**Student:** 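What follows is a single structure, and I will ask about it in a moment.
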Amino acid sequence: MKRYSAFAIAREAARHHLGWERAWASPEPKSHYDVVIVGAGGHGLATAYYLGRNFGITNVAVIEKGWLGGGNTGRNTTIIRSNYLQDASAAIYEKARSLYETMSQDLNYNVMFSPRGVMMLAQTQHEVRGYQRTAHANALQGVATEWISPQRVKELLPIIRLDGPRYPVLGALWQARGGTARHDAVAWGYARACSAMGMHIIQQCEVTGIRQSDGHVTGVDTAKGAISCNKLGLVVAGHSGVLADMAGFRLPLESVALQALVSEPIKPIMDVVVMANTVHGYMSQSDKGEMVIGGGADGFNNYTQRGSFHHIEETVRALIETFPMISRLKMLRQWGGIVDMTGDRSPILSKTPLDGCFINCGWGTGGFKAIPGSGWGMAELMAKGHSPLTEAFGLDRFREGRFVDESVAAGVAH
Amino acid sequence: MLTLKCPYCGIQADETELSPGGEAHLTRHGPGSSDGDFHDYLFARQNRRGVHFERWRHAFGCGKWFLAARDTQTLQVFGTYPAQVLEPPQHIRDAINQSQN
């Protein structure tokens, strides 16, 4: 792999840009790999990358039914934060956030991490108490967040209307080192680094079955033939239930559609990420000037990658109350992703009833921000059989009643 | 917008008038059952891509629970029926078979 650098740009400029090589190879699958990862989204590629980087396991294939990063990795609102209440969540999300800080250097690929600050507005007394509690919890966990006053909110975000008609802004939970990153570049950067380590990334190759003997996984059937493996990682987000069905176990998951939309590009009006959970909308401005807007998830099971229209209406209505100046913006496009929700709104990173088969799913509405931490923990779990980062997120927590209850902490989409 | 016909009041109700209640026809395992059965009753879900039987409540209408058969991939609705049954009635199964042949 040729490194990207200022020198490389100069070199290629001098020879009509003929020397750029493909970022990753697209080989035909071999018949056997030590590890097969199903799902070439951010989490799957990050798992493969850290298996190679941290544990030297490079005989790895990442199999993808569609194209690389074409699922939720390319459909989210790119927000990165780690201001969670529970210790286990704060640990894995803060690991992820800290890895984002140096990801461009690690991968030699510009993921455009922009720690512009994430502001979660408190618009009811209940939320004020909740976020103050989270700020105290974060102080103990070593996550840098603070509770800020409405005046400070206004300084950071001049376009906000503090005395909203329904819900005035009473303060906010502020994480200065939260922010955004270029979501596609995260997948592309990991894919390039994996390919450079000799791993195979196989796109357009749907998994149709999971082979097992004596309760141990032996391989997968795919559209490109059977592939055997010693260990299998299922990292397929919304379609986890379908894969689990092939492997012969059920999951405490339900898949629903979550939507986002972007406006036409406008001049810079805000340089922070804002989340308003009471009225249910969140917004940031992309580097191109578009307002990136997210809202609520549907309540019913859905695999259609589009959501219910009334959620858009509710989200936009809420944001216009808080930011009256966006009321005449035109929206450019809208899309949906299939998110897999667990009962406690926390992910599952776990061994499964099938020996040698591991699963990473249940990130629900908050997967993008966790990609590097999730990959780091999942790789350790697959290589060593246990990981301090993933310990609390086992499948057996449901049977044992050890929930990591972020549905209370986050309240809504997170 | 998804619309479902409430089998009690006969209204073709908009999604905003209804509350989704998750998978239908779960078998309740109570006292005396194994831990595994109780775990499955509480947590394990089929989460099917395709025909899905599910519970809905006509929350901003008559307030009653009913069941629906719906395809989660196409959003096609095969029909709704009252909640006091242990399995989908024949006319719902016929509607599903008909659409898949």
Side-chain angles (χ1 to χ4, degrees), chain A residues 65 206 236-246 248-257 296-314 317 336 338-344 346 348 350 352-353 359 361-362 364 394-403, chain B residues 1-6 12-27 29 33-60 65-80 83 88 96:
Chain A
K65 143 181 110 153
E206 184 166 2
V236 294
H239 289 73
S240 294
V242 179
L243 270 291
D245 201 33
M246 292 177 196
F249 57 91
R250 285 198 292 172
L251 291 168
L253 283 181
E254 303 213 61
S255 297
V256 301
D298 289 344
F300 55 87
N301 296 44
N302 190 349
Y303 283 92
T304 59
Q305 292 194 327
R306 60 176 187 266
S308 296
F309 191 72
H310 68 92
H311 281 302
I312 300 178
E313 189 182 344
E314 285 158 12
R317 187 168 59 208
I338 302 307
V339 296
D340 43 343
M341 313 283 272
T342 55
D344 59 0
S346 287
I348 296 168
S350 181
T352 69
I359 193 154
C361 64
L395 258 179
D396 52 8
R397 75 173 186 268
F398 296 95
R399 185 167 51 82
E400 295 170 1
R402 292 183 290 104
F403 304 119
Chain B
M1 181 177 285
L2 182 67
T3 63
L4 296 173
K5 186 174 182 180
C6 172
Q12 190 73 28
D14 282 351
E15 176 189 337
T16 49
E17 205 173 311
L18 305 163
S19 312
E23 189 176 321
H25 303 303
L26 297 174
T27 308
H29 292 275
S33 62
S34 72
D35 286 358
D37 283 343
F38 195 59
H39 168 271
D40 285 356
Y41 163 64
L42 283 177
F43 302 114
R45 295 294 177 263
Q46 293 182 333
N47 194 25
R48 210 165 257 159
R49 182 174 60 174
V51 180
H52 190 249
F53 300 100
E54 56 196 11
R55 306 166 73 222
W56 287 85
R57 194 166 83 88
H58 195 182
F60 296 99
W65 284 99
F66 64 92
L67 307 183
R70 191 175 58 86
D71 191 315
T72 57
Q73 209 168 8
T74 62
L75 297 189
Q76 183 183 1
V77 177
F78 301 107
T80 57
I96 293 167

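Chain naming here is simple, since letters A, B, ... match the order of the sequence lines and numbering starts at 1 in each. What you see is a predicted model, and the numbers here were worked out from it, not measured in a lab.
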**Student:** For the candidates Arg250(A), Gln305(A), Arg399(A), which exhibits the highest count of non-hydrogen atom pairs separated by less than 4.5 Å from chain B?
**Tutor:** Arg250(A)
**Student:** With rounding to the nearest 0.5 Å, note down the distance linking CE in Met341(A) to CZ in Arg45(B).
**Tutor:** 14.5 Å
**Student:** Is Arg70(B) in contact with chain A via its backbone, its side chain, both, or neither, using a 4.5 Å heavy-atom distance?
**Tutor:** side chain
**Student:** If you round to the nearest 0.5 Å, how far is CZ of Arg49(B) from NE2 of His239(A)?
**Tutor:** 4.0 Å
**Student:** In terms of heavy-atom pairs under 4.5 Å with chain A, which of Asp40(B), Asp35(B), Leu75(B) leads?
**Tutor:** Leu75(B)
**Student:** Does atom CZ of Phe249(A) have more than 12 heavy-atom neighbours, drawn from other residues, nucleotides or ligands, at distances under 6.0 Å?
**Tutor:** yes
**Student:** Contact part of Leu251(A) toward chain B, heavy-atom cut-off under 4.5 Å: side chain, backbone, both or neither?
**Tutor:** backbone
**Student:** Shorter than 4.5 Å, heavy atoms on both sides: which option in Arg48(B), Gln46(B), Glu23(B) has the most such pairs with chain A?
**Tutor:** Arg48(B)
**Student:** Can you tell me how far CG of Leu395(A) sits from NE2 of His39(B), rounded to the nearest 0.5 angstrom?
**Tutor:** 7.5 Å
**Student:** Please step through side-chain contact (heavy atoms from CB on, under 4.5 Å) for the pair Phe300(A) and Leu2(B), ending with a clear verdict.
**Tutor:** CA-CA 10 Å; Phe300(A) 55 87; Leu2(B) 182 67; 3.9 Å; yes
**Student:** Rounded to the nearest 0.5 Å, what separation is found between the CD atom of Glu54(B) and the CD atom of Glu254(A)?
**Tutor:** 9.0 Å
**Student:** Below 4.5 Å from any heavy atom of chain B, which atoms of Phe309(A) appear? Answer side chain, backbone, both or neither.
**Tutor:** neither
**Student:** For Tyr303(A), run the side chain to side chain contact (heavy atoms under 4.5 Å, CB included) check against Asp71(B), Thr74(B), Asn47(B) and tell me which one passes.
**Tutor:** Asn47(B)
